[in-house]
Asks: 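Submitted below is the structure of interest, expressed as structure tokens.
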Amino acid sequence: MTGRFSWALALAVLIVSGALIGLIGSDDSSEQSPVPVPTSAESARADAVRAQLPGGDRVPAIVVFSRHDGEALTPADLAAIKQQPVVVAEDGRAAVATVPLDAGLSGFALGDAVNALRDSAQDGLLSDLRVEVTGGPAFGADIANSFSGANITLLAVTAFVVALLLIVTYRSPVLWLVPLAVIGFADRVAAVVGSAIAQAVGMTPDGSTSGITSVLVFGAGTNYALLLISRYREELGRTQNHRDALRVAVRQAGPAILASNATVVLALLTLVLASSPSTRSLGVQAASGLVVAAVFVLLVLPPLLALFGRRLFWPFVPKVGAKPLTEGGIWHRVADAVARRPARVTTVAVAGLVLLCLGLLTTPIGLSQTEQFRVQAESVSGYDTLAAHFPSGLTNPTRVIAQTGRTAEIEQAIRSTPGVVSANPAGAPHDGLSQWSVVLSAAPASDDAFTTIDALRDSVHREDCGALVGGPDAQARDASAAAARDRLVIIPAILAVVLLVLYVLLRSALAPLILVAVTVLSALAALGLGGWASVHIFGFPALDDTAPLFAFLFLVALGVDYTIFLVTRAREETPGHGTRDGIVRAVSATGAVITSAGIVLAAVFCVLGVLPLIVLTQIGIIVGLGILLDTFVVRTVIIPALFTLIGPRIWWPALRDGDYGSHSGKTHGRHRAGAVRGPGSR
């Protein structure tokens, strides 16, 4: 990877990437709002049928008028309102007007329409009046507008964080520029290619999936670069010719990078089993992006490293004959201390993780439509004003569509459902279908509202099996059900994929099971700690429905990244040094790079907090904490302790007794015999 052929490959990658960016154009998926429910969901089918009925091509935006001082509206206030007619609340402190907008608008086009409505609603109003636009279109517009420029901010902050941590890691004023430039360009290519592939296979990429993909590309790409450069630096201490050192580094680190990348990519592709369109899109988009990241690190980065040679590490240039990382340093001392008392260390560390898991018991799941934003949004404040003066659901009602021939029965079924306040026909019958506007007593998207929606569906389905119940509360109910179903289906699929990759990589009967079990425990501990912190420290009302699935996916897949970095090195060291010393030397060699990579990845995920949706902030918190647990507890403490406890059996049948070299006996007088006997190996 250092000669003319490698330069030809690197240039080919860059030329193809530039051509793809030019042909595909910019990535506009960040303009789109998330799509939480599948087209097969009842609320989605109700929306599709309603769109074919008279007036179905329009959706209502709600304009709310109130006084800044909270007093009742005066006749002069009402006369100044252009939107007529208006409905005045019983307490006289607020009034609403309904303005229909084009139902086909989305993204920034919807935002422009809502902003135009907000501007026009302000015209001619008295200074004492406050006007707020809310309702379904306003929520969609505010989500789209909140991503306007947010991904640029995300990219800038991510690049700054990665640059800062690379400078701290390498203590070089120049080295950080090379991997950052490679990964930054890979991120731009991944954004365009990933979105194009997702759209080509019928997915619906949006602002949140674009943001998460960018974080994954930067985080994982930096990890791959750190692993490669760390091994390169280690080989420079053994070899005078920097090109020979780089060849060895690529040959030794390349398989671990490929295995790590394959694990995360395959885990992400399990998201295509999801029912939520946004979740499926993230799987395809992010998987494509990580393939791009691996290609750039393995094909573009090595020739650049070869071009600059040793001077790239200035002022701390590696010298031939330097003491290897495997034989000293802080991580060697830590690993050796763990290996002396493996049973005690394992018990304490595992007990700590189990204790953190208890946070899951006190963490509610499910955010309403008004609880999605981390920043102030007019659609939310307008809805709060509306809810303070009008009955719940009055201006954003549940919709029931059923056969006209069963009108009386359907209406009776609706009215007899517990939790229904009122039911009124909405428009004239058309094509044998009738609509009802149904007001619920429960707060929007609450558990009580979901109970009412379920009961309402049961009631109307008994009268007309083809009846449909839609509207905001029905959509929230379907989104919650889809998220619960996705967790049940995808989490086992993720674990199966990770286990399969580890079996292929390690060819051991026991090691993959142990590693996956520890990774799952660590992920659950991070969910418990992060969920508890999100609710009780950061003050969010609950975890979003999709946060547990996404967080678990990233924690398991990316956690196994570090496991692969560690155990592949342990397997390399074990034949010559035995199980105990092999894992100690592996921790010594990879401790610095895993720590650096973990801190970088945790920091990058925390950068998701610059995006405006609570769910992204929650994912950042949980994954950031989880990666730190993986880095400092699982990879540094638990895995070395377990490998020492179990002994050579951990590698069976990939490594057998005869595979251990004589060097182990020279290192510890009783080590070779212990390695053959089992857990007693020290």
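All figures in this text were calculated on a predicted structure; none of them were measured in a lab.
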Asks: Please report the closest heavy-atom contact between Leu268 and Ala287, naming both atoms and the distance.
Replies: CD1-N, 3.7 Å
Asks: When rounded to the nearest 0.5 angstrom, what is the spacing between CG in Leu271 and CD in Gln285?
Replies: 11.5 Å
Asks: Counting distance only, does the side-chain N/O of Asn261 pair as donor-acceptor with the main-chain N or O of Leu290 below 3.5 Å?
Replies: yes
Asks: If only atom types and distance count, is the side chain of Thr263 paired as donor or acceptor with the main-chain N or O of Ala259 below 3.5 Å?
Replies: yes
Asks: Looking at every heavy atom in both Gly530 and Leu625, which two are closest together, and how far apart are they?
Replies: CA-CD1, 3.9 Å
Asks: Quick one: pull up CZ in Phe218 and OG1 in Thr213 and give me the separation to the nearest 0.5 Å.
Replies: 13.0 Å
Asks: Please report the shortest heavy-atom distance between Leu549 and Arg487, naming the atom on each side.
Replies: CB-CG, 4.0 Å
Asks: Given side chains that start at C-beta, do those of Val560 and Leu515 come closer than 4.5 Å, heavy atoms only?
Replies: no
Asks: My understanding is that only residues two or more places apart in sequence, or in another chain, count here; which of them pass side chain to side chain donor-acceptor pair (under 3.5 Å) with Asp486?
Replies: Ser275
Asks: Is the backbone N or O of Ala542 less than 3.5 Å from a side-chain atom of Gln618, with the two atoms forming a donor-acceptor pair by type?
Replies: yes
Asks: Assess, by modelled atom type and distance only, whether the side chains of Arg635 and Thr563 contain a donor and an acceptor separated by less than 3.5 Å.
Replies: yes
Asks: Determine yes or no for a side-chain-to-main-chain donor-acceptor pair under 3.5 angstrom, with Tyr503 supplying the side chain and Ala509 the backbone.
Replies: yes
Asks: Got Val497 and Leu269 here, is their nearest side-chain heavy-atom distance under 4.5 Å?
Replies: no
Asks: Less than 4.5 Å apart, side chain to side chain, heavy atoms only: is that true for Val162 and Val604?
Replies: yes
Asks: Is a donor on one side and an acceptor on the other found under 3.5 Å between the side chain of Glu463 and the backbone of Ala413?
Replies: no
Asks: Looking only at atom types and distance, does a side-chain atom of Ser480 sit under 3.5 Å from a main-chain N or O of Ala476, one as donor and one as acceptor?
Replies: no
Asks: Can you tell if the side chain of Phe550 reaches within under 4.5 Å of the side chain of Asp544, non-hydrogen atoms only?
Replies: no
Asks: With respect to Leu216, which candidate in Leu558, Val264, Asp187 satisfies the side chain to side chain contact (heavy atoms under 4.5 Å, CB included) definition?
Replies: Leu558
Asks: Does Asp384, at its CG atom, have more than 12 non-hydrogen atoms belonging to other residues, nucleotides or ligands within less than 6.0 Å?
Replies: yes
Asks: Please say which of Leu629, Val354, Leu356 ends up in a side chain to side chain contact (heavy atoms under 4.5 Å, CB included) with Leu521.
Replies: Val354
Asks: Just so I know, are the side chains of Pro548 and Ile365 near enough to count as touching, which here means a heavy-atom distance under 4.5 Å?
Replies: yes
Asks: Between atom CG of Leu527 and atom OG of Ser522, what is the distance when rounded to the nearest 0.5 Å?
Replies: 9.5 Å
Asks: Spell out, as yes or no, whether a donor-acceptor pair under 3.5 Å connects the side chain of Asp478 to the backbone of Val37.
Replies: no
Asks: Is there side-chain contact between Leu502 and Ile564, with at least one heavy-atom pair below 4.5 Å?
Replies: yes
Asks: Short question: side chain of Ser43, backbone of Gly471 - any donor-acceptor pair under 3.5 Å?
Replies: no
Asks: Would you confirm whether Arg280, through its side chain, and Ala198, through its main-chain N or O, come within 3.5 Å as a donor-acceptor pair?
Replies: no
Asks: Would you call Ile197 and Val284 a side-chain contact if the rule is heavy atoms closer than 4.5 Å?
Replies: yes
Asks: Apply side chain to side chain contact (heavy atoms under 4.5 Å, CB included) to Ser534 and Thr363, showing your working.
Replies: CA-CA 9 Å; Ser534 294; Thr363 303; over 6 Å; no
Asks: Applying side chain to side chain contact (heavy atoms under 4.5 Å, CB included), run through Asp102 and Arg58 and close with a yes or a no.
Replies: CA-CA 5 Å; Asp102 185 352; Arg58 313 292 285 176; 3.9 Å; yes
Asks: What is the distance from atom CG of Leu258 to atom CG of Leu505, rounded to the nearest 0.5 Å?
Replies: 10.5 Å
Asks: Give a yes or no on whether the backbone of Val469 and the side-chain of Glu42 come within a donor-acceptor separation of less than 3.5 Å.
Replies: yes
Asks: Can you tell me how far CZ of Phe605 sits from OG1 of Thr617, rounded to the nearest 0.5 angstrom?
Replies: 13.0 Å
Asks: Which heavy atom of Leu110 sits nearest to which heavy atom of Pro137, and what is that distance?
Replies: CD2-O, 3.6 Å
Asks: How about Leu601 and Thr631: do any of their side-chain heavy atoms sit closer than 4.5 Å?
Replies: no
Asks: Got a second to check how far Leu358's CG is from Leu529's CG, nearest 0.5 Å?
Replies: 11.5 Å
Asks: Would Ile453 and Leu440 satisfy side chain to side chain contact (heavy atoms under 4.5 Å, CB included), going step by step from the backbone distance to the final call?
Replies: CA-CA 9 Å; Ile453 290 294; Leu440 309 184; 3.9 Å; yes
Asks: Could you walk me through whether Leu495 and Phe552 satisfy the side chain to side chain contact (heavy atoms under 4.5 Å, CB included) test, starting with their C-alpha distance in whole Å, then the side-chain angles of each, then the deciding distance to 0.1 Å, before giving a yes or no?
Replies: CA-CA 10 Å; Leu495 297 178; Phe552 186 87; 4.0 Å; yes
Asks: Look at the aromatic rings of Trp532 and His536 and report parallel, tilted or perpendicular, splitting at 30° and 60°.
Replies: tilted
Asks: Can you name the nearest heavy-atom pair linking Ala551 to Val623, along with the distance?
Replies: CA-CG2, 3.9 Å
Asks: Measure across Pro472 and Pro397 and return the closest heavy-atom pair with its distance rounded to 0.1 Å.
Replies: CD-O, 3.6 Å
